[in-house]
Structures are given as structure tokens and as C-alpha cells.
Student: 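The structure follows.
Each ligand, and each atom within it, is numbered from 1 in the order the structure gives.
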Amino acid sequence: MFILVNLKAYPCDPIEVATAARDVAEASGARIAVSPQAADIARVADTGVETWAQHVSPNAHGSHTGSTLAEAVADNGAAGTLINHSENRLKLADVDGSVRAAGRADLETIVCANNPAQVGAAAALGPDAVAVEPPELIGGDVSVATADPGIVEDAVAAAEAVDPAVDVFCGAGVSTGEDVSTAGDLGAAGVLLASGVAKADDPESVLEDLVSGI
Ligand SMILES: O=C(CO)COP(=O)(O)O
């Protein structure tokens, strides 16, 4: 199970979380990545933790003010990128363009989706993985795998029907090792989470608990 911690725009210290994630990953052998604000990618990557962008633009180099280029985040140490997060939805053509831009820059990709139908559509675009995150459960206390196990199973089936090579992640409300274990039992290859770590007083102890569920 891959644990990806999305820091969103929370007012946490990205280096504190990155250092904790690096240390827990090294001690446990688990794969843990941190996805900070674009402006923090280089210094988060400098800690040695696996670093992901929260978004990349479909654009390539050129006259595109305000774009976060896949090439730029890769050059600054990112290994992968989220695309189409629930809090940063894109048009279908732009999801496709961002997946292609990430591919050009050798970034791994996870395309987020609200439900299994969107998971199937996202899988057709050829990302490395898709993630099902029901918006109503994001930021809450109950894990998607507990609140709605059927949506995880249906997402796994939807991706499998389109492209068995595309992994399925789930996210929303994940904060414990038990949540990670339950998600894995439902067929998820990993979890996305944010508030459980980004808002924690002691991110390292939350991460240690999370990896206990792998
Ligand atoms: O949106 C999420 C991860 O990308 C999930 O957020 P929470 O873990 O805060 O529910």
C-alpha cells in the first residue's frame, strides 16, 4: 500500500511533515509520499522524501502565465503528480492534457475522481493510478473504506474493466492504520489522505500508525 499525504493549503510546516514521512518510510520500508504546495516542492524533495505535485497544467513551455508545468515540478524534485483533485477539478480535455504533460516529464500520475463512473473514465486516459474520493467524506472523521466500502470495490471494478494496469487508490477521512488495512482489503493499492496528518499535533505518530495497516 502506497500512502500519499496531500498537504493541500493547510498551514502546517511542510518540512516537519516531510521529515517525519521520510523517517517513517525508512524505518518501516513503506512507500510514503508528500504532496506540498507547488512553491514548496524543491525544499520538501530536498528532505529525501518522495515528493508529488498537487496538480500540473496541460501546458508545455510557452506563454502560459500562472501555469504549473510538469517539467518544472519534475526539475524541482517531484516524482509524480495528482491530477483533477476534488478541490481542483479540470475539464476532461485538461485531465487528458495533464496526464500527457506528466508523461512527457516522467512524472507518475494519479487522477482523482468522485465516483466509480468517473474512475472508469479517468482510467481510460492512461494514468498510472486513479483515486476515488467522495467529496462529502473529505476532511471528515470517517474513512471512505468504512463509510462506503461499496464505492471502493466499485471503483476497483470500474478501473479493472477499462485497464487492469491502472491501480486504484481511495481517500477521504483516512487517518489510522485500520483505515489503511480496510482500504487494502477492498482492493485499493494505496490511500490519499490530508487532514489526518496535516492537522495532527504529532504527524510522525500518525504516520507510524498508518504504516501499521499495510
Ligand atoms: O482530499 C483528500 C486527499 O487528497 C482527503 O482529505 P482528508 O484526508 O482530509 O479527508
Side-chain angles (χ1 to χ4, degrees), residues 1-14 17-18 20-21 24 31-38 40-41 44 49-56 68 73 78-90 95 98 102 107-116 118-119 122 127-149 151-152 155 167-184 186 188-211 213-214:
M1 292 285 277
F2 178 19
I3 295 176
L4 194 151
V5 181
N6 174 8
L7 301 184
K8 303 193 173 182
Y10 283 125
C12 60
D13 177 353
V17 177
V24 173
R31 185 178 178 193
I32 305 176
V34 173
S35 184
Q37 289 278 297
D40 294 326
I41 284 174
V44 164
V49 76
E50 181 174 333
T51 304
W52 280 52
Q54 296 181 7
H55 161 80
V56 294
T68 300
V73 302
T81 185
L82 299 175
I83 293 169
N84 196 45
H85 189 275
S86 180
E87 294 147 8
N88 194 3
R89 284 282 184 240
L90 305 177
V95 177
S98 292
L107 294 170
E108 216 174 303
T109 48
I110 300 176
V111 175
C112 300
N114 283 5
N115 56 45
Q118 290 180 18
V119 161
D128 294 296
V130 294
V132 64
E133 294 197 294
E136 67 278 12
L137 297 176
I138 290 178
D141 293 333
V142 184
S143 159
V144 56
T146 302
D148 195 351
I151 204 171
V152 182
D167 282 336
V168 177
F169 287 55
C170 65
V174 173
S175 64
T176 68
E178 194 177 336
D179 296 339
V180 172
S181 168
T182 307
L186 295 170
V191 292
L192 302 189
L193 75 152
S195 51
V197 169
K199 290 181 161 182
D201 292 334
D202 184 355
E204 186 156 351
S205 68
V206 176
L207 287 159
E208 282 167 350
D209 183 30
L210 286 162
V211 299
I214 291 177

Student: For ligand 1, which atoms sit closer than 4.0 Å to a heavy atom of Gly139?
Tutor: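 So the atoms of ligand 1 that pass are 7 (P), 9 (O), 10 (O).
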Student: Applying side-chain contact (heavy atoms from CB on, under 4.5 Å) to Val191 and Met1, what does each step give before you reach the verdict?
Tutor: CA-CA 7 Å; Val191 292; Met1 292 285 277; 4.1 Å; yes
Student: Show which atoms of ligand 1 fall inside a sub-4.0 Å distance from at least one heavy-atom site of Lys8.
Tutor: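 Reading through ligand 1 atom by atom, the close ones are 1 (O), 2 (C), 5 (C), 6 (O).
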Student: Does any N/O atom on Ala194 come nearer than 3.5 Å to any N/O atom on ligand 1?
Tutor: yes
Student: Side chain of Asn84, backbone of Leu90: donor and acceptor closer than 3.5 Å?
Tutor: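 Here the side-chain-to-backbone pair exists.
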Student: Kindly say whether Gly173 contributes a backbone atom to a donor-acceptor pair with the side chain of Ser143 at under 3.5 angstrom?
Tutor: no
Student: Taking non-hydrogen atoms only, is Asn6 closer than 4.0 angstrom to ligand 1 via side chain, backbone, both or neither?
Tutor: side chain
Student: Counting each atom of ligand 1 from 1 as listed, which ones have a heavy atom of Leu193 under 4.0 Å away?
Tutor: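 Ligand 1 atoms under the 4.0 Å threshold to Leu193: 8 (O).
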Student: Taking atom types as modelled and ignoring hydrogens, do the side chains of Thr182 and Asp179 form a donor-acceptor contact shorter than 3.5 angstrom?
Tutor: no
Student: Using a 6.0 Å cut-off, check whether atom CD of Glu178 has over 12 heavy atoms from anything other than its own residue.
Tutor: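 At most 12 heavy atoms, drawn from other residues, nucleotides or ligands, come within 6.0 Å of this atom.
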Student: Any nitrogen or oxygen of Gly173 lying under 3.5 Å from a nitrogen or oxygen in ligand 1? Just yes or no.
Tutor: yes
Student: Give a yes or no on whether the backbone of Lys8 and the side-chain of Gln54 come within a donor-acceptor separation of less than 3.5 Å.
Tutor: yes
Student: Any idea which atoms of ligand 1 are less than 4.0 Å away from a heavy-atom of Glu133?
Tutor: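 Once the distances to Glu133 are compared, the set is 1 (O), 2 (C), 3 (C), 4 (O), 5 (C).
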Student: Looking only at distances, please establish whether an N/O atom of ligand 1 is found under 3.5 Å from an N/O atom of His85.
Tutor: yes
Student: Could you list the atoms of ligand 1 found under 4.0 angstrom from a heavy atom of Ser195?
Tutor: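 Taking each heavy atom of Ser195 in turn, ligand 1 has 7 (P), 8 (O), 9 (O) under 4.0 Å.
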Student: When you measure from the side chain of Thr109 to the backbone of Leu107, do you find a donor-acceptor pair of N or O atoms at a distance under 3.5 Å?
Tutor: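 Answer holds: no.
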